[in-house]
There are 2 protein chains.
Amino acid sequence: MTDKAPGHPRVAVRRPQRADARRNFDALLQAAREAFAEHGTDASLEDIARRAGVGIGTLYRNFPTRQDLFDSVYVGEVEELCRAADELAGLPPWEALVAWLRRFVGYIGTKRALYESLNRDSDMIRSCREAMYAAGEPLLARAQETGYARSDIGFDDLLRMIAGITGTGYADDAQRERVLGVALDGLRARPSGG
Amino acid sequence: MTDKAPGHPRVAVRRPQRADARRNFDALLQAAREAFAEHGTDASLEDIARRAGVGIGTLYRNFPTRQDLFDSVYVGEVEELCRAADELAGLPPWEALVAWLRRFVGYIGTKRALYESLNRDSDMIRSCREAMYAAGEPLLARAQETGYARSDIGFDDLLRMIAGITGTGYADDAQRERVLGVALDGLRARPSGG
DNA sequence: GTTGAAGTGGAGGCACCCCTCCGCTAATGT
DNA sequence: ACATTAGCGGAGGGGTGCCTCCACTTCAAC
């Protein structure tokens, strides 16, 4: 209900007033971030409460549904991504795009929940996706206009490609990097007809 | 313990003797194939038994552990992939490689269990992976030697890239195809230094 | 047919998870 | 210091899944 800054969607959940309660709230968010990272959207809520060192009841008071909790985590990640897009605006087109994609990877590399959510649908996830796209899309557009990236691919395509590639497990970081490099070369290539 | 044909690994599980029991065995395999496809490795065994129209006890007699069941499904898929590699040997290098990768995608597109298993480790999964690599690797090698594919990427890299890209959800098949095309262009591109 | 062995299926014990409810604890304002 | 009340946490009911066990069924060999 608060006014919302463009590109920074808000969630219905409210941080509590009392100091101890705020500590718990934050601990829950942090624990949830980790748990969703490790186990995806299906992470056990009781486990999250345990990690946060609070009772299950406290989790449910702060986040009445699993969706509320997930949304709260998600919105934080997305806000960081939006901020990153601003910061990188100064770099040359291709470098800016790649740098932003790497931040994106920085999330989903460890946090497959975010990547699962590319498909899921809820009022607020949609709004988050829009914010994220609004932040990142111009970077792709600029790289395309200046001829650094092929033009027959959309931002959504690109994000899914990157999400897919980096969401998988790899033998080591070097391999992940190699594969990502190949895909980025594909993004740079002239479209091929055969 | 039986002799194993090269490229066609075997499983410890044995198909039962009696006709009715064989029907159940086959129904279980089929149900498991579907269930693993939909829910990944964590599919409910009780659900698989239900789908197959048999009691849970029957499932456990045929496949004492979840791993046994999964292995049995997996080995079937891999054998098909190995066969495909033989069939495609006649095509030109690049076409053969791409065609085989498409078959590979044909699996993991619907069956994410196979793709999860690229990482997992067990005696027999390892042996399956070896068989699959033995079948597919020559296709990449040939494309590389003839200059159709870049040489700074390994077969394992390629498979993981493809698995990652196609394991994700897409808005529609056209998008999946577009993204796959970009990645394949990357595979064809000269390595880039910047 | 008869009969023995192969095969069946589901009840039941255990573990985990979801979510609600409410008696208790302790932070805060005065 | 004390009262007020926000906040706590975990017991408990319901659900699902894992796996074992064994009384029963049915195939197939004779």
Letter by letter from the 5' end, nucleotides 11-19 of chain D scores (B base, S sugar-phosphate only, - none; protein heavy atoms under 4.0 Å) B-----BBB
With B for base contact, S for sugar-phosphate-only contact and - for none (protein heavy atoms under 4.0 Å), nucleotides 23-30 of chain D reads ---BSS--
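Between A:Asn24 and D:dC8 there is a side-chain N or O to OP1 or OP2 distance below 4.0 Å.
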Could you go step by step and tell me if A:Trp94 and A:Leu187 meet the side-chain contact (heavy atoms from CB on, under 4.5 Å) rule?
CA-CA 11 Å; A:Trp94 177 256; A:Leu187 174 61; 3.9 Å; yes
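Under the side chain to side chain contact (heavy atoms under 4.5 Å, CB included) test applied with A:Leu180, the options A:Val98, A:Leu101, A:Thr166 reduce to a single match, A:Thr166.
A salt bridge is defined here as a Lys NZ or Arg NE, NH1 or NH2 lying under 4.0 Å from an Asp or Glu carboxylate O, and A:Asp47 with A:Arg51 meets this definition. Using a 4.0 Å cut-off between a side-chain N of Lys or Arg and a carboxylate O of Asp or Glu, A:Arg150 and B:Asp185 qualify as a salt bridge. Look at B:Arg23 and B:Asp20 and you find no salt bridge, because none of the NZ, NE, NH1 or NH2 atoms lies under 4.0 Å from a carboxylate O. Salt bridge present: B:Glu87 and B:Arg103 bring a charged side-chain N and a carboxylate O closer than 4.0 Å.
Qualifying ring-ring contact (aromatic ring centres under 6.0 Å, His included) partners for A:Phe155, counting only residues two or more places apart in sequence or in other chains: A:Trp100, A:Tyr133. Legend: residues meeting side-chain hydrogen bond (donor to acceptor under 3.5 Å, both in side chains) with A:Glu80, ordered by chain and number and at least two apart, are A:Tyr107. Residues satisfying the side chain to side chain contact (heavy atoms under 4.5 Å, CB included) test with B:Ala183, not counting sequence neighbours, are B:Met161, B:Ile165.
Distance check, rounded to the nearest 0.5 Å: CG of A:Leu88 to CG of A:Leu97 gives 10.0 Å.
In this structure, A:Ile48 places its CD1 atom 18 Å from C1' of D:dG10, rounding to the nearest Å.
The footprint of chain B on DNA chain C, defined by a heavy-atom cutoff below 4.0 Å, extends from C:dA6 to C:dA11.
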